[in-house]
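Numbered from 1 within each chain, the chains take letters A, B, ... in sequence-line order.
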Amino acid sequence: MSPADRYYVTTSIAYANNKPGLHTLYEVIGADVIARWHRMNGDETKFLTGTDEHSVNIAQKAEELGIATRDFVDGNVALFRAAEDALLISPDRFIRTTDPDHVRAAQEMVRRAYANGDIYVGKYEGWYCPAEGFKTRSDVVETPQGTRCPNHPKVELEWISESNWFFRLSAYQERLERHFEEHPDFAQPDYRRNEMLGFIRGGLEDFSVSRAGAKWGIPFPIMPDGSSSQRPDGTWDPAAGTIYVWYDALINYVTGAGFPDDPAGFAKWWPADLHIIGKDIARFHTIYWPAMLWSAGMEAPRHVWIHGFLLAQGERMSKSLGNFLDPIDVVATLGADGARYVTLREVAFDRDTDVSWDSFVRRYNADLANDFGNLLNRTISMANRYLDGERPSVGPAAGLAAAWTETLAAYRSKIEACLLSDALCSLWEFVGAANRLVEAEQPWTLAKAVKAGDAEAALRLNNVLGDLVEACRLVSVAAAPFIPNAAPRALGQLGYQYPYEASGRGGPALLEELRWGAHAAESGRLATPEPLFPRLETEAAAASAG
RNA sequence: GGCUGGGUAGCUCAGUGGCAGAGCAAGCGGCUCAUAAUCGCUAGGUCGUUGGUUCAAAUCCAACCCCAGCUACCA
């Protein structure tokens, strides 16, 4: 990829019915790392995340609380934004499905599908639980009393039949199958791709794109006779109903690219390079969404990455189960950098992973406090003590330079393959190599020899410490997408200017900066070492977790 | 039920025919620059079960047990 490339990465938009858990923001942290990686590489980058705010359930919950729906979602969005700020998330736009340009985008996408003959009025039928709403086939259970909703077994379900608009997904079966075959990396990881391909091959049914009864939603722009549902005064005829979820939520990705208000921007930013989503919505993103885009004359996104879930003792974390981690608590204990690092290091990006406070604290202590934090600290201390604070020059390689070349290649390829945990694992192997170099060379022994007048030892001491400083610089810059606050502080302690803006923009091309000895010619002075990642006492961390 | 993955050390996982591995956690030792850190060593596994193929099986085959995912309209 050339430095002039543009890169557009998105997350799914979160349902704004509550405050966010770490399991919800997990993919946002991952996407943020990828966005920062591209910004630092010099790609013109757009990172989109946001909230999904329409639905009968949200309107109902606001009503229960006795507040206006808009106020209810505004309050929840503020909680999302606060949690994302705490985690140093750096979206280029935080999109809300209630944003006016998004409303226009969704309506225009519906019009395009209609113009293309892909939506038609049909009959939506399904079970309806008066206590909860529409239930899917797999949501209901057969009991001796009849079909019931498992949450409300005493309530009799109603078989609802309402007239709704449908999207002709069935018309896209062949094209979807071909797309999956011709672009094996469209949906990843592979096992998810195979699941989706299997689903396509099993035959595709049309899906409904409107709801007749719902009021809290984007007005459906077309009347059943094909005329516009917009009235002369600009308001929308409620008889047309509202746009149902997928023609609302998924559209955010094109809205974020500039559709429909900014055709030039849209031409530049679409198709998206990467949608990062959870496995629960894989089908909608890899099957419905490409078909919807094709219907509108647009391209499918280039890649969809499907991640797994965070588990607590084998069970999916969720707000309803109450077994989730509050990102604010995690940041309070581990710091923003620690929370980001630990979450993405502990959780494999391609599958479900069990997490706990204990595993988070162990990982923080092992990797950040002991391995990397202490490497920085001991390196800076020794250079201060033995070289009087003068930053040693990068000398003839003591073996770390070759190791770095391998590390960087592995790190880079894993980040670009969305294997973020594996990427950190590779980088930290290099941290281990640097710590082993300290033991092998014993700078304190060299320093004694220097005091005794050994000139050869002086050179060697300088070279060893020079390599260690360089190793610390490289790891700090390479890890910056994961630890955006700590990286500049580490560089500062090493006596270097951090050349990037807070968002990761504005500096030299990252791969140039990550060349061994890129700043060998510059002199500088080391600062007083100060632990970047203070070690946590396990008991104290457990106590603060409540 | 069908299809697809998986079950390997206390924990998380790598290993797809050739002497059972890594990281973390545990124990012991070294070192002293450092955040009780770091480096080294040790211990710990009938590789889900049973049978088969093979000179040789964690790996291939069969059966079985267990777990997870997908099997269409939730945001």
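Rounded to an integer number of Å, the gap from A:Asn435 CG to B:C31 C1' is 13 Å. Counting to the nearest Å, the P atom of B:C33 and the NZ atom of A:Lys448 are 7 Å from each other. Going from atom CD of A:Glu429 over to atom C1' of B:A14 covers 12 Å, rounded to whole Å. B:A22 atom P lies 17 Å from atom CG of A:Asp371, rounded to whole Å. One can place CD1 of A:Ile58 at 15 Å from P of B:C74, the figure rounded to the nearest angstrom. Between the CG atom of A:Leu334 and the P atom of B:U35 there is a distance of 21 Å, given to the nearest Å. Atoms CZ (A:Phe372) and P (B:U38) sit 14 Å apart, rounded to a whole Å. Spacing between atom CG of A:Asp358 and atom P of B:C24 amounts to 15 Å, rounded to whole angstrom units.
Within the nucleic acid shown, A:Trp246 comes within 4.0 Å of at least one base atom, counting heavy atoms only. Looking at heavy-atom distances under 4.0 Å, A:Gly278 makes no contact with the nucleic acid at all. A:Ile13 comes within 4.0 angstrom of no nucleic acid atom, judged by non-hydrogen atoms across all strands. At a threshold of 4.0 angstrom between heavy atoms, the contacts of A:Ser208 include nucleobase atoms, whether or not backbone atoms are also involved. Note on A:Ala369: a base of the nucleic acid sits closer than 4.0 angstrom, heavy atoms only. When heavy atoms are screened at a 4.0 angstrom cut-off, A:Asp280 is found touching base atoms of the nucleic acid. Across all strands shown, A:Gly198 has no heavy atoms under 4.0 Å from either base or sugar-phosphate atoms. Nucleic acid contact for A:Pro443: none, since no nucleic acid atom lies under 4.0 Å from a heavy atom of the residue. Contacts of A:Ile287 with the nucleic acid, taken as non-hydrogen atoms under 4.0 Å apart, are absent. A:Asp52 comes within 4.0 angstrom of sugar-phosphate atoms only, judged by non-hydrogen atoms across all strands, and of no base.
Stacking between A:Phe207 and B:C73 is absent: the aromatic ring centre is not both under 5.5 angstrom from the base six-membered ring centre and within 30 degrees in plane angle.
Ring-plane geometry between A:Phe372 and A:Phe533 is classed as tilted, the angle between the planes lying from 30 to 60 degrees on a 0 to 90 degree scale. Ring geometry for A:Tyr341 against A:Trp428 counts as tilted: the plane angle lies between 30° and 60°, on a 0 to 90° scale. The aromatic rings of A:Tyr26 and A:Phe349 lie perpendicular to each other, with more than 60° between the two planes, well past the 30° mark.
B:G44: no Watson-Crick or G-U partner with both key distances under 3.5 Å is found in any strand. If you check B:A56 for Watson-Crick or wobble pairing at under 3.5 angstrom, you find it has no partner at all. If you check B:A62 for Watson-Crick or wobble pairing at under 3.5 angstrom, you find it paired to B:U50. In this structure, B:C3 and B:G69 make a Watson-Crick or G-U wobble pair, each of the two defining distances being under 3.5 angstrom. Shown here, B:C13 forms a base pair with B:G21; the pair counts as Watson-Crick or G-U wobble because both key distances fall under 3.5 Å. Pairing of B:C33, defined by two Watson-Crick or G-U wobble distances under 3.5 Å, is not identified with any nucleotide.
Across the P atoms, B:A68 and B:U35 are found 46 Å apart, a figure rounded to whole Å. Comparing the C1' positions of B:U38 and B:C33 gives a spacing of 10 Å, expressed to the nearest Å. The gap from the C1' atom of B:C65 to that of B:U49 amounts to 7 Å, rounded to the nearest Å. One P atom belongs to B:A26, the other to B:U16, and the distance between them is 31 Å to the nearest Å. Comparing B:C11 with B:U71, their P atoms sit 31 Å apart, to the nearest whole Å. Atom C1' of B:U59 sits at a distance of 15 Å from the matching atom of B:G52, rounded to the whole Å. To the nearest whole angstrom, the two P atoms, one in B:A56 and one in B:G18, are 14 Å apart. Taking the C1' atom of each, B:U46 and B:C31 are spaced 41 Å apart, rounded to whole Å.
OP1 or OP2 of B:C33 has not a single side-chain nitrogen or oxygen of A:Asn377 nearer than 4.0 Å. Put simply, A:Tyr191 has no side-chain N or O that comes within less than 4.0 Å of OP1 or OP2 on B:G69.
The side chain of A:Phe199 lies closest to B:A72 when the candidates are B:C74, B:C24, B:A72. Taking only side-chain atoms of A:Arg283, from C-beta outward, the nucleotide of B:C74, B:C70, B:C11 with the closest atom is B:C70. Closest to the A:Asn374 side chain, of the nucleotides B:A72, B:C74, B:U35, is B:U35. Here the side chain of A:Arg351 is nearest to one of B:C74, B:C39, B:A14, namely B:A14. You'll find that the side chain of A:Ile281 is closest to B:C74, out of B:C74, B:C24, B:G69. Closest to the side chain of A:Glu439, from the set B:C70, B:C33, B:A14, is B:C33. Of the candidate nucleotides B:C11, B:A72, B:C74, B:C11 has the atom lying nearest to any side-chain atom of A:Arg362.
Summary of the strand contacts: A:Val209 and A:Glu195 both lie near RNA chain B, and taking for each the nucleotide with the nearest heavy atom, the more 5' one is attributed to A:Glu195. Taking for each of A:Thr445 and A:Pro534 the nucleotide of RNA chain B with the nearest heavy atom, the 5'-most of the two is the partner of A:Thr445.
Ring centers of A:Tyr386 and A:Trp444: at least 6.0 Å apart, outside the cut-off.
Of the residues A:Phe186, A:Tyr172, A:Trp289, the one that meets the ring-ring contact (aromatic ring centres under 6.0 Å, His included) test with A:His179 is A:Phe186.
Cation-pi contact between A:Arg316 and A:Phe324: absent, since separation from the ring centre below 6.0 Å together with deviation from the ring axis within 45° is not met.
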Original post:
Which is it for A:Ser12 and A:Glu27 under the side-chain hydrogen bond (donor to acceptor under 3.5 Å, both in side chains) test, yes or no, and what are the steps along the way?
Top reply: CA-CA 8 Å; A:Ser12 62; A:Glu27 75 178 36; 2.5 Å; yes

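Using a 4.5 Å heavy-atom cutoff, the side chains of A:Arg363 and A:Leu368 are not in contact.
With no hydrogens or angles considered, a side-chain donor-acceptor pair links A:His285 and A:Tyr253 at under 3.5 Å.
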